[in-house]
Amino acid sequence: MSGGVDSAVAAARAVAAGHDVVGVHLALSRTRDAIRSGSRGCCSKEDSADAARAADVLGIPYYVWDLSEEFTRDVVDDFVAAYAAGETPNPCLRCNEKIKFAAVLDRALALGFDAVCTGHYARLDPAVPELRRSADPGKDQSYVLAVLRAGQLRHAMFPVGDTPKPEIRAEAQRLGLRVAGKPDSHDICFIPTGDTQGFLRDRLGSRPGTVVDDASGEVLGTHDGVHGFTVGQRKGLGVDRPAADGRPRYVLGIEPVGGTVRVGPDSALDVRSITAHSPVWTSGSAPEAPFDCVVQVRAHGGTAAAEVTPSADGITVALAEPLRGVAPGQAVAFYRPSDDGDIVLGSATIAGTG
């Protein structure tokens, strides 16, 4: 129970369904004195108190599990290392993979529980297992759950995935849960200030490099580290003069070893193919032949029809139409279209684009 409305209603629905429910709040931050500011941050003392009050209303036991060491190692350190390598990671995805459905699930099963129940917006038939997009497309979180394996999905529950968010808030209000109107969390939970560049700068220091024109190789400016950039970025490039045609420049590529950031026009952001590694298949077995699907490369948006070809080295994705802003380190998730919500087939980590 994060202290938000979604996990509180998920717990309430699990209780109403007749399950033996225990509320668990995860202490993930090593600076527990930090207080949430509106919709920024999470895992604060305020959130823990909100979760405890919700558990009290529901009449269920409540505990706080300190997983800050695992979270720092597997999520925060991974995030910093990825940016240092010129990649663009998704920490929410890594948290689901390594913390909520690995460290938490392992402990829960060892204690005799059957499943981890969360407030994620996705739908699941654990018997298959089959993970689908949520009924509320604007809140769908299936993308950040696409890293889960069959064994993890068989021990997962997502009770709110079949309901639009406004109805979840109304249900919380009827249940007397004070979190009914609490703002949703935004940005990265362990960077409550929202200053990602400052967070990375404090940990990686200054690593000077150059910003160059992708077409001509001309040096256009300097920077303090590739960790301040991501593919598709337009602002904050450190370039003091416009392009010859007057159009904006965008980050096209990042070379971490040499510290070079390549920039150019938005048309050069078009990606028609993707290579990826470390595939995860929700069914538990890898496909043996190429297959058609819909791919998604960001938590919200970035979808296209594609043909996916598995191989011993990873995955190759041929896009039916170009996508923009695709960066190494992001996940590419695979969906099979369905009248009852797209079905998640799996995911892989993007290594390169073409």
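Here the structure is a predicted model, which means the values were calculated and not measured.
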- Item | Other residues, nucleotides, ligands: >12 heavy atoms within 6.0 Å of Y63 OH | no

- Task: Report yes if some heavy atom in the side chain of R107 is under 4.5 Å from a heavy atom in the side chain of L109; otherwise report no.
- Result: no

- Task: Could you please spell out the steps behind the salt bridge (charged side-chain N to carboxylate O under 4.0 Å, His left out) verdict for R324 and D270?
- Result: CA-CA 5 Å; R324 287 187 174 180; D270 286 351; 2.6 Å; yes

- Query: Are T303 and Y335 close enough that some pair of their side-chain heavy atoms sits under 4.5 Å apart?
  - Reply: no

- Item | Heavy-atom check, side chain of I274 versus side chain of V297, under 4.5 Å | yes

- Task: Let me see the working for R201 and D224 under salt bridge (charged side-chain N to carboxylate O under 4.0 Å, His left out), right down to the final yes or no.
- Result: CA-CA 9 Å; R201 184 170 55 249; D224 292 328; over 6 Å; no

- Item | Rounded distance [0.5 Å steps], OG in S267 versus CZ in R247 | 7.5 Å

- Query: Are V308 and V332 co-members of a hydrophobic cluster defined by side-chain heavy atoms under 4.5 Å apart?
  - Reply: yes

- Task: State plainly whether one hydrophobic cluster holds both V239 and Y250, where clusters connect Ile, Leu, Val, Met, Phe, Trp and Tyr through side-chain heavy atoms under 4.5 angstrom apart.
- Result: no

- For Y143, what residues pass the ring pair (Phe, Tyr, Trp, His ring centres under 6.0 Å) criterion, not counting sequence neighbours? none

- Taking the six-membered ring of F334, is NZ or CZ of R336 closer than 6.0 Å to its centre and within 45° of its axis? no

Identify every side-chain donor-acceptor pair in residues 145-159 under 3.5 Å, counting partners at least two apart or on other chains, and give the distances.
| from | atom 1 | to | atom 2 | distance (Å) |
| --- | --- | --- | --- | --- |
| Q152 | OE1 | R149 | N | 2.8 |
| Q152 | NE2 | F101 | O | 2.6 |
| H155 | ND1 | D114 | O | 2.8 |

- Query: Just by distance, with hydrogens left out, do S68 and D66 show a side-chain donor and acceptor under 3.5 Å apart?
  - Reply: yes

- Apply salt bridge (charged side-chain N to carboxylate O under 4.0 Å, His left out) to K182 and D47, showing your working. CA-CA 10 Å; K182 187 174 181 177; D47 292 314; 2.6 Å; yes

- Going by heavy atoms in the side chains, are L175 and V57 under 4.5 Å from each other? no

- Task: Establish whether V326 and L252 are linked, either directly or via other cluster members, by ILVMFWY side-chain heavy-atom contacts under 4.5 Å.
- Result: no

- Item | Expected output: side-chain Q330 to main-chain I350 donor-acceptor under 3.5 Å | no

- Query: If Ile, Leu, Val, Met, Phe, Trp and Tyr residues are connected whenever their side-chain heavy atoms lie under 4.5 Å apart, and connections chain through other members, are L319 and L269 in the same group?
  - Reply: no

- Looking at I315 and V317, what are the two nearest heavy atoms and their distance? CG2-CG2, 3.8 Å

- Item | Heavy atoms from other residues, nucleotides or ligands near CZ of R169 exceed 12 (cutoff 6.0 Å) | yes

- Task: Starting from the C-alpha separation in whole Å, work towards a yes-or-no answer on side chain to side chain contact (heavy atoms under 4.5 Å, CB included) for T193 and I191.
- Result: CA-CA 5 Å; T193 63; I191 311 179; 3.8 Å; yes

- Query: Just by modelled atom types, is the A299 backbone N or O under 3.5 Å from a matching donor or acceptor in the Q296 side chain?
  - Reply: yes

- Query: What do you reckon, is CZ of R73 surrounded by more than 12 foreign heavy atoms closer than 6.0 Å?
  - Reply: yes

- Go through V160 and K139 one step at a time and tell me if the side chain to side chain contact (heavy atoms under 4.5 Å, CB included) criterion holds. CA-CA 11 Å; V160 304; K139 297 298 294 181; over 6 Å; no

- Task: Apply side chain to side chain contact (heavy atoms under 4.5 Å, CB included) to the pair V24 and F113, showing each step before the final yes or no.
- Result: CA-CA 12 Å; V24 173; F113 293 98; over 6 Å; no

- Any V21 side-chain heavy atom under 4.5 Å of C117 side chain: no

- Side-chain touch V5/L177, heavy atoms, less than 4.5 angstrom: no

- Message: Taking V344's backbone N and O only, do any of them form a donor-acceptor pair with T282's side chain (distance below 3.5 Å, no angle check)?
- Response: yes

- Message: Does D339, at its CG atom, have more than 12 non-hydrogen atoms belonging to other residues, nucleotides or ligands within less than 6.0 Å?
- Response: no

- Enter the distance from C95:SG to L26:CG here, rounded to the nearest 0.5 Å. 7.5 Å

- Message: Using every non-hydrogen atom in the two residues, find where G325 and R298 come nearest and quote the distance to one decimal.
- Response: O-NH1, 3.6 Å

- Query: Does any donor atom in the side chain of T163 or R13 lie under 3.5 Å from an acceptor atom in the other side chain?
  - Reply: yes

- Query: Name the one of R133, H120, H300, R123 that satisfies side chain to side chain donor-acceptor pair (under 3.5 Å) with D140?
  - Reply: R133

- K165 and D6: CA distance, side-chain angles, deciding distance, salt bridge (charged side-chain N to carboxylate O under 4.0 Å, His left out) verdict: CA-CA 8 Å; K165 182 61 176 269; D6 299 324; 3.3 Å; yes

- Without swapping roles, check the side chain of D213 against the backbone of E218 for a donor-acceptor pair under 3.5 Å. no

- Starting at CD1 of I168, measure out to OH of Y121 and round the result to the nearest 0.5 Å. 4.5 Å

- Message: Working to the nearest 0.5 angstrom, can you tell me the gap between D342 CG and S134 OG?
- Response: 11.0 Å

- Item | Separation of D214 CG from T260 OG1 (nearest 0.5 Å) | 11.0 Å

- P89 and R94, any side-chain heavy atoms less than 4.5 Å apart: no

Distance-only check: which donor-acceptor pairs under 3.5 Å involve side-chain atoms of residues 225-236, not counting sequence neighbours?
| from | atom 1 | to | atom 2 | distance (Å) |
| --- | --- | --- | --- | --- |
| T230 | OG1 | T88 | OG1 | 2.5 |
| Q233 | OE1 | T230 | N | 3.1 |
| Q233 | NE2 | K235 | O | 2.9 |

- Query: side chain to side chain contact (heavy atoms under 4.5 Å, CB included) between F71 and C189: does it pass, once the steps are laid out?
  - Reply: CA-CA 11 Å; F71 185 78; C189 71; 3.8 Å; yes

- Note on the structure: Of all heavy-atom pairs linking R241 and L220, the shortest is NH2-CD2, 3.6 Å

- Message: Students often mix this up, so state it plainly: with edges at 30° and 60°, are the rings of H25 and Y62 parallel, tilted or perpendicular?
- Response: tilted

- Message: When you measure from the side chain of S7 to the backbone of S2, do you find a donor-acceptor pair of N or O atoms at a distance under 3.5 Å?
- Response: yes

- Does W65 share a hydrophobic cluster with L28, counting links as ILVMFWY side-chain heavy atoms below 4.5 Å and allowing steps through other members? yes

- Search all heavy atoms of A348 against all heavy atoms of P279 and return the closest pair with its distance. CB-CA, 3.9 Å

- Query: With no hydrogens and no angle check, is any side-chain donor or acceptor of S142 less than 3.5 Å from a backbone partner on A122?
  - Reply: no

- Return the minimal non-hydrogen interatomic distance between K100 and V104, and the atom names on each side. O-CB, 3.4 Å

- Shortest non-hydrogen pair, V212 vs G217, comes out as CB-O, 4.1 Å

- Message: Check this for me, if you would: do R53 and D50 make a salt bridge, where the nitrogen-to-carboxylate-oxygen distance has to be below 4.0 angstrom?
- Response: yes

- Does a side-chain heavy-atom distance below 4.5 Å link I99 with E70? yes

- Query: Looking at OH of Y83 and OG1 of T196, how far apart are the two atoms once the value is rounded to the nearest 0.5 Å?
  - Reply: 6.0 Å

